[in-house]
*Asks:* 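One structure, as structure tokens, below. Some questions next.
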Amino acid sequence: MEFQDKVLKCIDCGSDFIFTAGEQLFFHDKQFKNEPKRCRACKAKRVAVLGATPAGGPPRYAKVETQATCSGCGKQTTVPFRPTQGRPVFCRECFQSRRSAASA
Ligand SMILES: [Zn+2]
Ligand SMILES: [Zn+2]
């Protein structure tokens with residue numbers, strides 16, 4: 001079966017986008033009945049909002065890595081959550097030394 005590029009309209013932003021022959025072949029292979037409803041940009045936006053997990057997937061797999069500066073030693077670190085404005089952020093070492101200091 002031959003596929004040809006098709007122009008579809010995005011239901012989110014209303015702009016035209018190309019449903020390429022390759023994508024149609026992929027959809028055909030997967031036996032997807034519905035054509036894509038959103039352009040690439042809107043799809044990417046939705047994925048970002050949903051935390052990159054497929055709809056209905058467990059949210060605990062949504063991993064957020066945020067670049068932050070440690071309030072203890074000033075080192076650049078990544079934290080697995082979005083730091084709240086004004087709240088101190090600690091790197092692994094500072095976090096652990098603070099925790100052991102608190103429990104001692
Ligand atoms: Zn769109
Ligand atoms: Zn630190």
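Just so you know, these numbers come straight off a predicted model, no measurement behind them. Just follow the structure's listing: the first ligand is 1, and inside any ligand the first atom is 1. The first residue of the sequence shown is numbered 1, and numbering continues consecutively from there. Below, all heavy atoms of this structure are taken into account, side chains as well, without hydrogens, waters or symmetry copies.
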*Asks:* Grab the two heavy atoms, one from Ile11 and one from Arg38, that are nearest each other, plus how far apart they are.
*Replies:*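 That would be CD1-NH2, 3.5 Å.
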*Asks:* What is the minimum heavy-atom distance between Cys10 and Cys39, and which atoms define it?
*Replies:*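 So the two residues come closest at SG-N, 3.4 Å.
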*Asks:* Run the side chain to side chain donor-acceptor pair (under 3.5 Å) test against Glu35 and tell me which residues pass, sequence neighbours left out.
*Replies:*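 Counting only residues at least two positions away or on another chain, Glu35 forms a side chain to side chain donor-acceptor pair (under 3.5 Å) with Lys6.
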*Asks:* With a cutoff of under 4.5 Å between side-chain heavy atoms, which Ile, Leu, Val, Met, Phe, Trp and Tyr residues group with Phe95?
*Replies:*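 Its cluster partners, ordered by chain and number, are Phe90.
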*Asks:* Give me the number of protein N, O or S atoms whose distance to the Zn ion (ligand 2) is under 2.8 Å.
*Replies:*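 Atoms of protein N, O or S type lying less than 2.8 Å from the Zn ion (ligand 2) total 4.
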*Asks:* Counting no waters, what protein N/O/S atoms lie under 2.8 Å from the Zn ion (ligand 1)?
*Replies:*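 Listed by chain and number, the nearby protein N, O or S atoms are Cys10 SG, Cys13 SG, Cys39 SG, Cys42 SG.
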*Asks:* Do the side chains of Pro36 and Phe17 get nearer than 4.5 Å, heavy atoms only?
*Replies:*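 A side-chain contact exists here, since the closest heavy-atom pair is under 4.5 Å.
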*Asks:* Do Phe3 and Phe26 belong to the same hydrophobic cluster, where Ile, Leu, Val, Met, Phe, Trp and Tyr are linked whenever their side-chain heavy atoms lie under 4.5 Å apart, directly or via other members?
*Replies:*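 Per the 4.5 Å side-chain linkage, Phe3 and Phe26 are not co-clustered.
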*Asks:* Between CG of Asp29 and CD of Gln24, what distance do you get to the nearest 0.5 Å?
*Replies:*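 Here the rounded value is 12.0 Å.
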*Asks:* Please report the shortest heavy-atom distance between Lys75 and Cys91, naming the atom on each side.
*Replies:*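 Answer, listing the atom of Lys75 first, then Cys91: CE-SG, 4.3 Å.
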*Asks:* In the single-linkage hydrophobic clustering (I, L, V, M, F, W, Y; side-chain heavy atoms under 4.5 Å), do Phe32 and Leu8 co-cluster?
*Replies:*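 Result: yes, single cluster for both.
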